[in-house]
Amino acid sequence: MRVYNFSAGPSMLPLPVLEKVQSQLTDYNGTGMSVMEMSHRSKPYQEINDKAESLLRELLSVPENYDIIFVQGGASTQFEAVPLNLNVKGKADYVVTGNFAKKAFKEAGKFTAARCVASSEDKNFTYIPKLTKADFDPEADYVHICFNNTIFGSHYNYVPDTGDVPLVADMSSSILSEEVDVSKFGVIYAGAQKNVGPAGVTIVIVRKDLQDKFSPVCPTMLKWATQTKEKSLYNTPPCWSTYVAMEVFAYLKEMGGVKAMHEINVKKAAMLYDFIDNSDFYSNKVAKEDRSLMNVPFVTPDPELDAKFVSEAAKAGLVSIKGHRLVGGMRASIYNAMPVEGVKTLVEFMAKFEKENK
Ligand SMILES: *Cc1c(COP(=O)(O)O)cnc(C)c1O
């Protein structure tokens, strides 16, 4: 039996994609072999790689002056790749809005003069600072933000204006959940295992004119220019993960693309937030205008009841809903692959739990 899996990552994948992948597991498209067994230099794999790129370009309307690459090492490796690839003046601005933003900031400090422009740690990362161009150093190599904060459940409802300084965004937990104007960013990166596919592949979308700004000590494997030149095939890529991601892209396109997904995501998140806001039992501490559509943390009045909630929810087929240890309570991650029915079932369970435990 399939459960409703609220895990923050790795997380649910669309069932039709899993079924399609299963049907091709031992014999991909008549090749007599699995994608897992296939040379990354073979024609069928080249086609998968090309199709993944072109579908993602279409879904996000990525302009021609940007390259898309599929690399390894997770989003965390981009925390160090960013300061190594964009290092001309040796200084960078960071906005610290959560745990991953903080990790990226700390990692950058090893390679560049990283400055924390603003942080929301004063209120346990429950809001997004409102920044204007004047807040940023016009001489910085780039500005780094984390667009959706997976652990704390906050999200930028605006794209900061950084003037001519390239904006770099970690979109690991929101990519493909909403339309974004890619041209406002210099670089967008995202690990796949939240909203795209299996762990192992990381998407990097990078403007062409930003690919010659790497530090002389930037390792070949971390250099974006290496992979853009070789179309993500400089070394053995995470073939299986890219293949499943490609099938997810094809599925999203069939579902009406990112705009259609966003409409559903708004509906799902509203169902959950409205219920929480109308309850005096559950609460969510994030500033309303900065709430994430993807990750919804909430608590009951008592940590012991939170533990009871998590365990009883699991028995009801609503799994992996325990909050991150930094926040406690619960967190429902409701990425693209979570059906409306899953959120509806969760809200019904919450109502029942409240009645029984208030
Ligand atoms: C999960 C996550 C990461 C870390 O991703 P890895 O692929 O595990 O390195 C970084 N940033 C954000 C926003 C995340 O949600």
Side-chain angles (χ1 to χ4, degrees), residues 5-13 69-85 94-108 110 114 119-121 125-129 142-157 159-160 167-178 180 185 187-205 221-222 224 227 232 237-238 240-242 244-245 248 265 286 290-297 320 322-327 331-338:
N5 174 9
F6 293 91
S7 169
S11 31
M12 274 184 101
L13 287 168
I69 49 176
F70 301 107
V71 299
Q72 306 207 39
S76 302
T77 299
Q78 295 307 310
F79 295 169
E80 52 231 23
V82 169
L84 282 161
N85 276 278
Y94 276 75
V95 185
V96 177
T97 52
N99 199 46
F100 291 116
K102 196 170 168 181
K103 281 185 172 173
F105 169 58
K106 281 198 172 155
E107 200 61 25
K110 297 176 184 172
S119 166
S120 52
E121 196 164 12
F125 298 124
T126 49
Y127 70 103
I128 299 289
Y142 61 91
V143 173
H144 181 280
I145 60 172
C146 180
F147 211 57
N148 185 77
N149 297 282
T150 322
I151 294 174
F152 297 91
S154 66
H155 172 269
Y156 279 78
N157 60 20
V159 178
L167 181 60
V168 177
D170 177 356
M171 290 195 187
S172 293
S173 50
S174 64
I175 192 162
L176 294 167
S177 69
E178 62 188 337
V180 287
F185 299 84
V187 182
I188 293 170
Y189 64 89
Q193 71 275 20
K194 311 287 164 58
N195 208 17
V196 173
V201 64
T202 306
I203 295 164
V204 184
I205 302 171
M221 274 297 289
L222 292 190
W224 298 326
Q227 296 289 5
S232 308
W240 176 258
S241 300
T242 304
V244 181
V248 171
N265 289 331
V286 179
D290 299 329
R291 284 171 166 179
S292 168
L293 295 181
M294 298 283 98
N295 310 98
V296 183
S320 298
K322 190 172 188 286
H324 191 277
R325 64 195 145 74
L326 292 172
V327 184
R331 170 179 48 172
S333 293
I334 48 174
Y335 300 115
N336 284 344
M338 174 62 67

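Whatever order the structure lists ligands and atoms in, that order sets their numbers, starting from 1.
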Does ligand 1 have any atom sitting under 4.0 Å from a heavy atom of Gln193?
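Heavy atoms of Gln193 do come under 4.0 Å of ligand 1.
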- Measure the distances from the heavy atoms of Gly9 to every atom of ligand 1 and state whether one is below 4.0 angstrom.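 Gly9 does not count as a contact of ligand 1 under the 4.0 Å cut-off.
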Ignoring hydrogens and angles, tell me if any N or O in the side chain of Ser292 forms a donor-acceptor pair with the backbone of His155 under 3.5 Å.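 No; zero donor-acceptor contacts below 3.5 Å.
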Side-chain (Ser333) to main-chain (Asn295) donor-acceptor, under 3.5 angstrom:
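No, Ser333 side chain to Asn295 backbone: no donor-acceptor pair under 3.5 Å.
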Check your understanding: Among Val327, Thr150, Asn149, Leu326, which one satisfies side-chain contact (heavy atoms from CB on, under 4.5 Å) with Asn99?
Key ->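 Output: one option passes, namely Leu326.
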Exercise for review: Quickly, which of Val71, Thr242, Val196 forms a side-chain contact (heavy atoms from CB on, under 4.5 Å) with Val201? Name it, please.
Suggested key: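 Going through the options one by one, the only one that passes is Thr242.
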Please work out whether any backbone atom (N, CA, C, O) or any side-chain heavy atom from C-beta onward of [X] is under 4.0 Å from ligand 1, and answer side chain, backbone, both or neither.
X: Asn148; value: backbone
X: Ala8; value: neither
X: Phe79; value: side chain
X: Lys194; value: side chain

*Using the ring of each side chain (for Trp, its six-membered ring), is Tyr189 parallel, tilted or perpendicular to His144, with breaks at 30° and 60°?*
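The rings of Tyr189 and His144 sit tilted, inter-plane angle from 30° to 60°.
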Under 4.0 Å from any heavy atom of [X], which atoms of ligand 1 are there?
X: Thr150; result: 12 (C), 13 (C), 14 (C), 15 (O)
X: Gly74; result: 7 (O), 9 (O)
X: Cys146; result: 13 (C)

For ligand 1, which is the ligand I care about here, please tell me if Ser76 has any N or O atom under 3.5 Å from one of the ligand's N or O atoms.
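Yes, Ser76 has an N/O under 3.5 Å of an N/O on ligand 1.
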_Pairs of nitrogen or oxygen atoms closer than 3.5 Å, one from Ala75 and one from ligand 1: do any exist?_
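The answer is yes, given that Ala75 and ligand 1 share an N or O pair closer than 3.5 Å.
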Heavy atoms only: which of Thr97, Asp170, Thr77 is nearest to atom 11 (N) of ligand 1?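 When every heavy atom of Thr97, Asp170, Thr77 is considered, Asp170 comes closest to atom 11 (N) of ligand 1.
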With distance as the sole criterion, is a donor-acceptor pair present between the side chains of Tyr335 and Asn265 under 3.5 Å?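 Their side chains do not contain a donor-acceptor pair, so the 3.5 Å distance test is not met.
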Query - Aromatic Phe100 / basic Lys194 pairing, under 6.0 angstrom, 45° off normal - result: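 The answer is yes; both the distance and angle limits are met.
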- request: Please name the residue in the list Ser172, Ser174, Ser173, Ser154 that meets the side-chain hydrogen bond (donor to acceptor under 3.5 Å, both in side chains) test with Asn148.
  value: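 That would be Ser173.
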